[in-house]
Every structure is written in C-alpha cells, then in structure tokens.
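What you see below is based on every heavy atom in this structure, not just the backbone, and it leaves out hydrogens, waters and symmetry mates. Note that the structure is predicted; figures quoted are calculated from it, not measured.
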Amino acid sequence: MTIRLYDTSARQIRDFAPLTPGCVSIYLCGATVQAAPHIGHVRSGLNFDIMRRWFAYRGYDVTFVRNVTDIDDKIIKKAAEQNRPWWSIGYENERAFNDAYAALGCLPPTYEPRATGHITEMVEMMRGLIERGHAYEAEGNVYFDVRSLPGYLSLSNQDLDDLRQPSEDGETGKRDPRDFAMWKAAKPGEPSWETPWGRGRPGWHLECSAMAHKYLGEEFDVHGGGIDLIFPHHENEIAQAKGFGDAFARYWVHNAWVTMSGEKMSKSLGNSVLVSEMVKHWRPVVLRYYLGTPHYRSTIEYSEESLREAESAYARIEGFVQRVTELAGHAVEPAAEVPPAFAEAMDDDLGVPQALAIVHTTVRQGNSALAADDKEAAVGRLAEVRAMLGVLGLDPLDPQWAGEQEQGEDLRHVVDSLVRLVLDQRESARARKDWATADAIRDQLGQSGLVIEDGPQGPRWSLGSR
C-alpha cells in the first residue's frame, strides 16, 4: 500500500513517504475572515477533510492544522466601512466558517491557530531572518529580500526578472520592488502590536510560516491550499521558512477552484454563493457530495443542474441503504475494509471520482440482490457501501446526516400516507389490467418528483430529481 499525491513543487505525482513513520502532519491555509464563506471557500476544507480521512483509514496518526487569518487589509477596510471593531468582523466570520465546515461534515482540525495569537512567534522569525541577511527594516516595515534566497519562485516556476510582487499602500522603503512585506508599520487608527521595529501588524505571508513552525516543527509532510495561493502566498511562505532555517513542507497539494461562467468564485466579482444560503435550499450532505466528489485538482463549474444531479445520485445511494436496513431489521455495520478497487483509486492521488464509481457499482449490485431476494448478498453490499462512504464522509447512517433524515421524518409519514392512497389506485388499475390509467398515475407521480419502483413486496416510492 502506497499513497501517491500530486506534488505541485515537483509537478508530478509522487509516492508519499511520511517524515515520521505512522504519522502525517498537514498544514492547510484556512479562512481569511473578512466575510462569510461561499462554497468556493469550503471546497478546500472538504478536499483536505477527505485526504485526512483517507490517511486515517490507512492507519496514520494525523495532525491537521488549519489556520485563521483574523487580521489583514480587507478586514480593516470592512471594519471602517461598517464602523465596527476589526476583531468583531473577524470573530463573526470565523464562526460562520466553522458553522459551514461543521454543516458539511468536516472533522474539526487538531489545531486552529489565529494569526493575532502568534505575534511573538512572528517577531522571533523576523528577528532570525534579519540576522541571517534575508530581511531588513525600513520605515517601520520589515521586508524579505527575495534576491537573498536561491531557489525563490521554484514552486510557481517564475523568473525573478519578470516578477510582479503584489503590494499594498504604505509599503515604503523597499530596496527592491520585488521584495515583500512581512510586517507593516502602523497607520493611525489601525490595530497594531509592539515590535523591536515599532508598532505594526503582520503581513499575510508571515503568519503561516510562523504558525506552521510552532505547531508542526521545522519540517512537516503536507502543505495544502487553493491553487490561487501558489503565488504569492505559498511562494513567500517557503522563502521565510527556508530563510529561517526550516526545511518546511515535503509535499505541496493544491485544490482547484469553484467557478461561475468560467471565473473563479469570489466576493469581489459578485458571483459567490454563500454556504449559509445554500443550506437553506439544499441538504448539506448533497452539498458535500457535490463539492467533495470531483477530483480535487479539477475545476467545478457551478450550476443548479449539477447540484440536482448530485442530489439524485445521493438519493439513489440513500434509497439502497434504507431498503437494506429495513430488510435486515437493524443497522448494518460498515465492513472492516473497503473494496480493493476503491482503495486503489483513493491511493492514486485521492481519485475520488473513480472511488465513487465503485460505490455506485456496489449499490447496483446490492439492488440486484434485493430484486433477487438475496438478503445475505444485499447486506454484504451495504456493509461495503457504508465503509466506502465513511471514508468520504457521506455515510447516510452517520449521526452527522441521520439527523437530517429525522428532521423530515414526520413530514415523510404524511407524504407516505398520501402517496399510498394514489398507489392503491394504481394497483387497482393494474389488477383490472387498465394499463393506461396505471401508467398515467405513475407518470403524474414522476412529474411531482417521486420515483416509483415495483418490487416483490409491492410498489415503493422515493424522491427523485427536482
């Protein structure tokens, strides 16, 4: 068994070899909490939640760190626009992010450090970088000298001569426009902290280098985030860490975007879909299926039609689970191991689409067993399905999702009674061989979003596409 991951720094899929046998350390760039999360934000959390679950299934002890950027230019700007304290903006949106992660079934991180809680570590890192000749102070700002570090830009594969480093207002005193700010001098009215170089606040890149060092040490296994972070954020993280003397991350793993009309989903473009609104119209487990089952390196083009397809696909899985559970008379425990083909797909760069195909094949096999009244085979397939879905965080019988079913149970009983009346009429039509009426009833139910299946125990209904 060897897990293989696409390493952005190597530009190829590599065999995963942990720094410490039996252990995996992961650092994921988390939320910048200037606003509530849209589904593009939480895709990264979902993708790395699945990675974490797969490592755990393979027997690794996983340490998972996901940071919170609770101070930056955008948060300060929002606070000024809304005439609110900067920290209240950050805290409100941090809670919104945590609610979104929890709603979609993401396991809580081992550690979730905030940037503002690690100023001491940042100052220590800046001091070390200045002493080593990789950084300098200018007019209260502290900059990293990009020319001082051989190999800078190796992650993004850029040419230093062509580099255009993003910069913000107030970044004065640079020796070279390509240098980047690690610490920004205080402006009137802005939050600030005391340092040997005057009061100021951290730059975006410094916080992650400092927090990864604190929680995972000088070297760790996997650093993750969205592809939009490769430059400048991750490139500059590497520069700071290596300049400080850390080996830093051994593998760099990046997930692709969620797009609308071909553009990255973002608030600045006005094309974001907030998680808090989405869960009012779609079951959270359907959103997890929709966002978590494409390959993490594939772009997801958002559409209502795709969500409906995800809803129908998951409903087919749920229907199978429910039918076998009813037949068995008790909850069928997940199998001890997933099928070999599922494991092979997951080991190959987290091939969730291929793994999910195994899930649906097993469901079809289970449905065939049900049709043949083969209880033992049906129960066996359900055990395998639950094992696979558990790895993906999609098991309908998991307490995370079982609550969704319980909330609608009373309504389901009412609908069931009404549908049964109609099905009885259909059965009467079939008994007198009035096939036209029987088919018409079935078609009308189908137009209402109900799927009717005829089996040995009589007809049963389930929800289909919207």
Please report the shortest heavy-atom distance between [X] and [Y], naming the atom on each side.
X: Pro334; Y: Ala387; value: CB-N, 3.8 Å
X: Asn141; Y: Ala185; value: OD1-N, 2.8 Å
X: Trp54; Y: Met346; value: CE2-CB, 3.4 Å
X: Asp179; Y: Tyr136; value: OD2-OH, 2.6 Å
X: Pro18; Y: Tyr60; value: CG-CE2, 3.8 Å

Would you find a donor on one side and an acceptor on the other, under 3.5 Å apart, between the side chain of [X] and the backbone of [Y]?
X: Gln240; Y: His205; value: yes
X: Trp183; Y: Glu137; value: no
X: Asp221; Y: Ile26; value: no
X: Arg43; Y: Ala256; value: yes
X: Arg199; Y: Ser192; value: yes
X: Asp72; Y: Ile75; value: yes
X: Asp395; Y: Leu389; value: no
X: Tyr111; Y: Thr63; value: no
X: Arg11; Y: Ser9; value: yes
X: Glu235; Y: Leu153; value: yes

Please work out whether the ring planes of [X] and [Y] are parallel, tilted or perpendicular, with thresholds of 30° and 60°.
X: His254; Y: Trp252; answer: parallel
X: Trp193; Y: Trp86; answer: perpendicular
X: Phe55; Y: Phe16; answer: tilted

Quick one: does [X]'s side chain get under 4.5 Å of [Y]'s, heavy atoms only?
X: Phe342; Y: Thr361; value: no
X: Met211; Y: Tyr27; value: yes
X: Glu311; Y: Trp282; value: yes
X: Gln158; Y: Ile230; value: no
X: Asp349; Y: Tyr6; value: yes
X: Ile238; Y: His223; value: no
X: Leu46; Y: Arg288; value: yes

Taking 4.0 angstrom as the limit, do [X] and [Y] come out as a salt bridge?
X: Glu190; Y: Lys184; answer: no
X: Arg132; Y: Asp145; answer: no
X: Arg95; Y: Asp99; answer: no
X: Asp176; Y: Arg178; answer: yes

With a 3.5 Å cut-off and no angle check, do the side chains of [X] and [Y] form a donor-acceptor pair?
X: Asn236; Y: Tyr152; value: yes
X: Ser209; Y: Glu237; value: no
X: Thr362; Y: Glu384; value: no
X: Tyr215; Y: His118; value: yes

Any chance you could lay out the ring pair (Phe, Tyr, Trp, His ring centres under 6.0 Å) test for Phe248 and Phe220, step after step, and finish with the verdict?
-> CA-CA 6 Å; Phe248 213 48; Phe220 57 94; 5.2 Å; yes
Between Ser306 and Glu301, is a side chain to side chain donor-acceptor pair (under 3.5 Å) present by the stated rule, with each step listed?
-> CA-CA 9 Å; Ser306 296; Glu301 175 67 17; over 6 Å; no
Could you name each residue pair satisfying salt bridge (charged side-chain N to carboxylate O under 4.0 Å, His left out) that touches residues 118-128, not counting sequence neighbours?
-> Glu121-Lys214
Name all pairs fulfilling the salt bridge (charged side-chain N to carboxylate O under 4.0 Å, His left out) condition that reach into residues 57-70, sequence neighbours left out, sorted by first residue then second.
-> Arg58-Asp347, Arg66-Glu112
Glu305 CD: over 12 foreign heavy atoms closer than 6.0 Å | no
Residues, nucleotides or ligands: over 12 heavy atoms within 6.0 Å of Glu344 CD = no
From the options Ile317, Val385, Thr293, Ile50, select the one residue that forms a side chain to side chain contact (heavy atoms under 4.5 Å, CB included) with Leu394.
-> Thr293
Check step by step if salt bridge (charged side-chain N to carboxylate O under 4.0 Å, His left out) holds for Glu92 and Lys78.
-> CA-CA 12 Å; Glu92 175 183 283; Lys78 285 284 180 69; over 6 Å; no
